[in-house]
Novice: 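Handing you this structure, nothing more for now.
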Amino acid sequence: MSVSWWIWAVLMLAIAAMLAVDLFLHRDNHVIGFREAAAWSGIWIAAGLLFGVVLWVWQGGDVAGTYYAGYLIEKALSIDNVFVFALIFTYFAVPAAFQHKVLFWGVIGALVFRLVFIFVGAELLETFFWTAYVFGAFLIYTGYKMAFRHDGQAPPDRNPVVRLVRRLVPTDPAYHGDRFFARVDGKRVATLLFVVLIAIEATDLIFAIDSVAAILAITTSTFIVWTANAFAILGLRSLYFCLAGLLRRFVHLHYGLAVLLAFAGVKLILSETPVGKLPIPVTLGVIVVTIAVSIVWSLRSTRGAEAIDVDAADSSASSAR
């Protein structure tokens, strides 16, 4: 799919405008409650779905179906991001009022990472056929690791990137409002909030590799892969605040995500065999059914915890105040 440069420019401006609106509306660092997060999640999801309709009218059903397949995979994987973000915020005891700012700049970093990975990955797949086997094997292995992962997570401050930043940049182990840098004893230092941001960015770097590789298994069109990633990532902040109090109910979701990653890996490998690329309707069907089954399975398994988690989601904002 060939796209003119001015369409790329318009898309980038539209994404920048949406980010600017989001930043302006949350400039006061207020605590985001469940209702506000749910409303914004609905807006971002509607924007992503509407863009698919635009593609349908502009390029036809096959292109739109490819976009929706990529969008759904990225959206599903972003729920796993939320688990890790919650762990990082809890570990560093980040005040609720500052979490949105960290996620906002984290999303910008995520968009940049994905843009680089998309163009590099697509070029490799187009130039060297054997990279499909490498990416496919990586996705299958990642799916296996996700399915059989242990509940324990390494402390975020042990992340090599976080440790490197703390070693290179003078850091104060305290929060100074919502600032990433502050002056302490006349010296400019990074605050603990900056360390949290680095932990978020370093974690998302790993997620970016998985998600981009998974969508490249569907299509190597950089425009489709980028837009699917971008519209899914734009709603990540709202998704976090919407699901933060309900995360422990998704106990089996990682099995569904593991299946999707492994499926993407098999699909990518098959694309370089006589079987060829699987039809988009088949891909969409597998994605929708897998996500639906894992979510329903999780909710049924944790039905008794529903009242507790809903109360936690509703009261988290008020307790933070």
Side-chain angles (χ1 to χ4, degrees), residues 11-27 30-55 64 67-86 88-89 96 99-115 117-118 197 200-201 203-205 207-208 210-212 214-215 223-247 249-250 253 256-257 260 284 287-288 291-292 294-295 313 316-317:
L11 176 66
M12 294 298 185
L13 288 175
I15 292 175
M18 288 185 282
L19 287 171
V21 169
D22 189 33
L23 180 62
F24 176 79
L25 292 177
H26 297 92
R27 64 190 183 282
H30 66 277
V31 178
I32 299 177
F34 178 79
R35 290 185 179 180
E36 181 182 356
W40 273 104
S41 292
I43 292 173
W44 292 122
I45 291 174
L49 296 178
L50 181 61
F51 185 77
V53 174
V54 172
L55 285 177
Y67 163 81
Y68 280 129
Y71 177 80
L72 286 175
I73 283 184
E74 179 60 37
K75 206 66 178 177
L77 290 173
S78 67
I79 298 177
D80 205 49
N81 292 37
V82 170
F83 279 89
V84 179
F85 294 166
I88 293 174
F89 286 151
Q99 292 177 5
H100 181 274
K101 181 175 182 177
V102 174
L103 290 176
F104 175 85
W105 290 106
V107 163
I108 292 180
L111 291 172
V112 174
F113 290 150
R114 281 160 172 75
L115 187 62
F117 290 159
I118 286 167
L197 175 62
I200 292 289
E201 295 285 17
T203 301
D204 191 72
L205 181 62
F207 283 120
D210 293 343
S211 61
V212 169
I215 301 180
F223 185 79
I224 297 299
V225 177
W226 165 244
T227 51
N229 265 275
F231 279 102
I233 289 296
L234 283 174
L236 184 59
R237 299 174 310 288
S238 300
L239 184 66
Y240 169 80
F241 291 107
C242 190
L243 297 180
L246 309 173
L247 287 179
R249 296 205 63 198
F250 296 100
L253 180 64
L257 299 180
L260 289 181
L284 270 173
I287 294 171
V288 171
I291 295 173
S294 60
I295 290 178
S316 60

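Sequential numbering from 1 along the given sequence is applied to the chain's residues. All values below were derived from every heavy atom in this structure, side-chain atoms included, with hydrogens, water molecules and symmetry-related copies excluded. Worth saying up front: this structure is predicted, and the values here are computed from it rather than measured.
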Novice: Using every non-hydrogen atom in the two residues, find where Ser294 and Leu253 come nearest and quote the distance to one decimal.
Specialist: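 Minimum heavy-atom contact is OG-CD1, 3.6 Å.
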Novice: What distance do Leu260 atom CG and Ile291 atom CD1 have between them, rounded to the nearest 0.5 Å?
Specialist: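 Going from CG on Leu260 over to CD1 on Ile291, the span is 5.5 Å.
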Novice: Which heavy atom of Trp226 sits nearest a heavy atom of Met12, and at what distance?
Specialist: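 That would be NE1-CE, 3.6 Å.
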Novice: Might you point out which heavy atoms bring Phe223 and Leu11 nearest each other, and give the distance in Å?
Specialist: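 Shortest heavy-atom separation between Phe223 and Leu11 comes out as CE1-CD2, 3.9 Å.
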Novice: Nearest 0.5 angstrom please: Leu50 CG to Ile45 CD1, how far?
Specialist: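 The distance works out to 13.5 Å.
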Novice: Quick one: CG on Leu13 to CE on Met18, what's the gap to the nearest 0.5 Å?
Specialist: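 It is 10.5 Å, given to the nearest 0.5 Å.
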Novice: Of Asn229, Val112, Leu205, which meets side chain to side chain contact (heavy atoms under 4.5 Å, CB included) against Phe117?
Specialist: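 Checked Asn229, Val112, Leu205 against Phe117; only one passes side chain to side chain contact (heavy atoms under 4.5 Å, CB included): Leu205.
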Novice: To the nearest 0.5 Å, how far apart are CG in Asp204 and CG in Leu236?
Specialist: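 Between Asp204 CG and Leu236 CG, I get 7.5 Å after rounding to 0.5 Å.
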Novice: Angle class for the Phe89/Tyr240 ring planes (parallel below 30°, perpendicular above 60°, tilted otherwise)?
Specialist: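 Phe89 and Tyr240: perpendicular rings.
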Novice: Cut-off 3.5 Å, no hydrogens considered: what does the side-chain donor-acceptor table look like for residues 67-76, sequence neighbours left out?
Specialist:
| unit_1 | atom_1 | unit_2 | atom_2 | d |
| --- | --- | --- | --- | --- |
| Tyr67 | OH | Gly48 | O | 2.7 |
| Tyr68 | OH | Leu49 | O | 2.6 |
| Tyr68 | OH | Val53 | N | 3.2 |
| Glu74 | OE1 | Ser211 | OG | 3.1 |
| Lys75 | NZ | Ala232 | O | 3.4 |

Novice: For the atom pair CH2 (Trp44) and CG (Leu234), what is the distance rounded to the nearest 0.5 Å?
Specialist: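 Spacing of CH2 (Trp44) from CG (Leu234) equals 5.0 Å.
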Novice: Show, in sequence, the C-alpha distance, side-chain angles and deciding distance for Glu201 and Phe113, and conclude whether the side chain to side chain contact (heavy atoms under 4.5 Å, CB included) test is met.
Specialist: CA-CA 9 Å; Glu201 295 285 17; Phe113 290 150; 3.7 Å; yes
Novice: Using 0.5 Å steps for rounding, measure from the CD1 atom of Ile200 to the CZ atom of Phe85.
Specialist: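 If we round to the nearest 0.5 Å, Ile200:CD1 and Phe85:CZ are 4.5 Å apart.
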Novice: Should Ile224 and Ile215 be marked as a side chain to side chain contact (heavy atoms under 4.5 Å, CB included) after you check the CA-CA gap, both sets of side-chain angles, and the distance that decides it?
Specialist: CA-CA 9 Å; Ile224 297 299; Ile215 301 180; 5.9 Å; no
